[in-house]
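Reading through the structure tokens given below for one structure.
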Amino acid sequence: MDNGQSSARKTAAAPTEGASRLLVIVNPATRRSADAILSVLRRHCPGDVVLDVFVTPAPLTALELTRSHLSGADVVVAVGGDGTVGEVASALVGTGIPLAIIPAGSTNIIAQELGIPRHPGRAARLLFGSHRTRHIDVGRAGSRCFLHMAGAGLDSRMFALANPGLKRRFGWLAYIPAGGRALFQEPVRFTLEIDGETIVVIARLVLIANGGSVISPRLRLMSRLRTDDGWLDVLIFSATSALPMARTLARMVTRRLDRSPYVLHRPARIVRLGSDPPIPVQLDGDVATTTPVTFEILPAALRVIVPARGKASGDDARGNPRPPVR
């Protein structure tokens, strides 16, 4: 595949009523073959839709590439992993233009949580066939948005240490050796301002969650974490030694993390996160910045194309006054 911007136009029924132009943003450094995925898209594309395909020239360039070519697009298609999807979504917030996802990364947890098929052919049939659009919340950190999870500590250090080649070859299993190395790094002194409340804690991990699962929808952090309730959820993991960390992991695997004495949960609208020393911050699996950083929630700010079956709770949600959990 061309490492620069490549454009492909094809006259192909609109994925949404009245649509005529699909802007397709492709990350070529995906686990799946980007060329094969584009062939699938072109094969399924109806006859009166134009595909404009652009390939990211380097890591963390999907946001600007989307913005540069957004004018006139009826739908924007993100081909890549969770980080690419989050970057493309950053350009769509507040525009009303729907986002479609063709999963091609190592975990694709955003697509999994939304019920979007992991197989490119089935995802393309969803896009060009029967579907609906769903409003979801978006988290924002500076100029970047995230749809599922942001974090600082163990996870961001693990993502920073992960080998890109192993990620493309083995998927999420590539994070295991990186996670082992991250475990040996020292805990961090975090300072958090959560809607006016200040918390200072020594911890290995702070998560700012918009979604509720990790790796797979079957592995949920807490059942009440949602992408459509108008809140971020701050999870502070205070276990720093081996036995408490093992107990925390066991509660997560058995879906009892909300009962752990080593996990503090706070719903939030705005979170200011600092640390001593400064450490990386990940947004949807990509290391995007370092502490200090401010997070905020943008309720129902993004439309996403999802399967048509049923009407899942939260469709067109606009947030609700959920009381803080103490």
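- Taking the six-membered ring for Trp and the full ring otherwise, the centers of His69 and Phe54 sit less than 6.0 Å from each other.
- Closest of all the heavy-atom pairs between Leu23 and Ala73 is CB-CB, 4.0 Å.
- Residue Val253 is grouped with residue Leu154 when hydrophobic side chains (ILVMFWY) are merged at heavy-atom distances under 4.5 angstrom, including chains of intermediate members.
- Thr95 and Leu92 get closest at one heavy-atom pair: OG1-O, 2.7 Å.
- In this structure, the side chain of Asp195 engages the main chain of Arg269 through a donor-acceptor pair within 3.5 Å.
- Heavy atoms only, all atoms of each residue included: Leu63 and Ser90 are closest at CD1-CB, 3.5 Å.
- Distance check, rounded to the nearest 0.5 Å: OG1 of Thr84 to CG of Leu65 gives 11.0 Å.
- Of all heavy-atom pairs spanning Ser156 and Gln282, the tightest one is CB-N, 3.8 Å.
- When all heavy atoms are compared, the tightest approach of Ser130 to Ala308 is OG-CB, 3.3 Å.
- Judged by distance alone, the side chain of Asn210 and the main-chain N or O of Asp137 form a donor-acceptor pair under 3.5 Å.
- No side-chain heavy atom of Val77 sits less than 4.5 Å from a side-chain heavy atom of Ile25.
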Might you work through the side-chain contact (heavy atoms from CB on, under 4.5 Å) test for Thr240 and Met245, ending with a clear yes or no? CA-CA 7 Å; Thr240 57; Met245 290 171 63; 5.7 Å; no
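- By the rule that hydrophobic residues join a cluster once side-chain heavy atoms approach within less than 4.5 Å of another member, Val24 and Val40 end up as members of separate clusters.
- Atom CG of residue Leu243 and atom CZ of residue Arg247 lie 4.0 Å apart, to the nearest 0.5 angstrom.
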Start with the C-alpha distance between Leu235 and Leu264, add both sets of side-chain angles, then the distance that settles side-chain contact (heavy atoms from CB on, under 4.5 Å), and finish with yes or no. CA-CA 6 Å; Leu235 302 176; Leu264 181 64; over 6 Å; no
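- Within a 6.0 Å radius of CZ in Arg189, other residues, nucleotides and ligands contribute 12 heavy atoms or fewer.
- No chain of hydrophobic side-chain contacts below 4.5 Å, direct or via other Ile, Leu, Val, Met, Phe, Trp or Tyr residues, connects Tyr262 to Leu249.
- The shortest distance between side-chain heavy atoms of Phe237 and Val206 does not fall below 4.5 Å.
- Between the NE2 atom in His135 and the OG1 atom in Thr133 there is a gap of 6.5 Å [rounded to 0.5 Å].
- The NE2 atom of His119 sits 14.0 Å away from the CG atom of Leu126 when rounded to the nearest 0.5 Å.
- In this structure, Arg134 contributes its side chain and Pro307 its backbone to no donor-acceptor pair below 3.5 Å.
- For the pair Ile305/Val75, a side-chain contact is recorded, criterion being any heavy-atom separation below 4.5 Å from C-beta on.
- Between the side chain of Asn108 and the backbone N or O of Ala104, at least one donor-acceptor pair lies under 3.5 Å.
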When you look at Leu192 and Val201, which way does the side-chain contact (heavy atoms from CB on, under 4.5 Å) test go after all the steps? CA-CA 8 Å; Leu192 298 98; Val201 62; 4.3 Å; yes
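- Between Asp155 atom CG and Leu207 atom CG the span is 5.5 Å, to the nearest 0.5 Å.
- Across Leu283 and Ala150, no two heavy atoms sit closer than the pair CD2-CB, 3.5 Å.
- A distance-only check finds a donor-acceptor pair linking the side chain of Asp74 to the backbone of Arg21 [under 3.5 Å].
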After noting the C-alpha distance and the side-chain angles of Asp233 and Arg226, does the key distance pass the salt bridge (Lys or Arg N to Asp or Glu O under 4.0 Å) rule? CA-CA 9 Å; Asp233 288 272; Arg226 297 169 55 90; over 6 Å; no
Under 3.5 Å, sequence neighbours excluded: what are the donor-acceptor pairs made by side chains of residues 270-280?
{"residue": "Ser275", "atom": "OG", "partner": "Pro277", "partner atom": "O", "Å": "2.7"}
{"residue": "Ser275", "atom": "OG", "partner": "Thr291", "partner atom": "OG1", "Å": "2.6"}

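- With contacts defined as side-chain heavy-atom distances shorter than 4.5 Å, the pair Val287/Val281 does not qualify.
- A heavy-atom distance below 4.5 Å is found between the side chains of Leu60 and Glu87.
- Distance check: Ser260 OG to Met222 CE gives 8.0 Å after rounding to the nearest 0.5 Å.
- Considering only heavy atoms from C-beta on, His131 stays 4.5 Å or farther from Arg125 through its side chain.
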Listing, residues 140-147 side-chain donor-acceptor contacts under 3.5 Å, not counting sequence neighbours, or none:
{"residue": "Arg140", "atom": "NE", "partner": "Glu296", "partner atom": "OE2", "Å": "3.0"}
{"residue": "Arg140", "atom": "NH2", "partner": "Glu296", "partner atom": "OE2", "Å": "2.9"}

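- In terms of modelled atom types and a separation under 3.5 Å, the side chain of Asp286 and the main chain of Ala288 share no donor-acceptor contact.
- The side-chain heavy atoms of Thr227 and Glu113, taken from C-beta on, include a pair separated by under 4.5 Å.
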Where do Glu186 and Arg157 land on the salt bridge (Lys or Arg N to Asp or Glu O under 4.0 Å) test, with the steps shown first? CA-CA 11 Å; Glu186 290 295 319; Arg157 287 167 162 174; over 6 Å; no
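- Side-chain atoms of Ile236 and Val263, non-hydrogen and from C-beta on, never get closer than 4.5 Å to each other.
- The backbone N or O of Ile136 lies less than 3.5 Å from no partner atom in the side chain of Asp228, so there is not a single donor-acceptor pair.
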One pair to check against side-chain contact (heavy atoms from CB on, under 4.5 Å): Leu70 and Val76. What are the steps and the verdict? CA-CA 8 Å; Leu70 189 58; Val76 178; 3.6 Å; yes
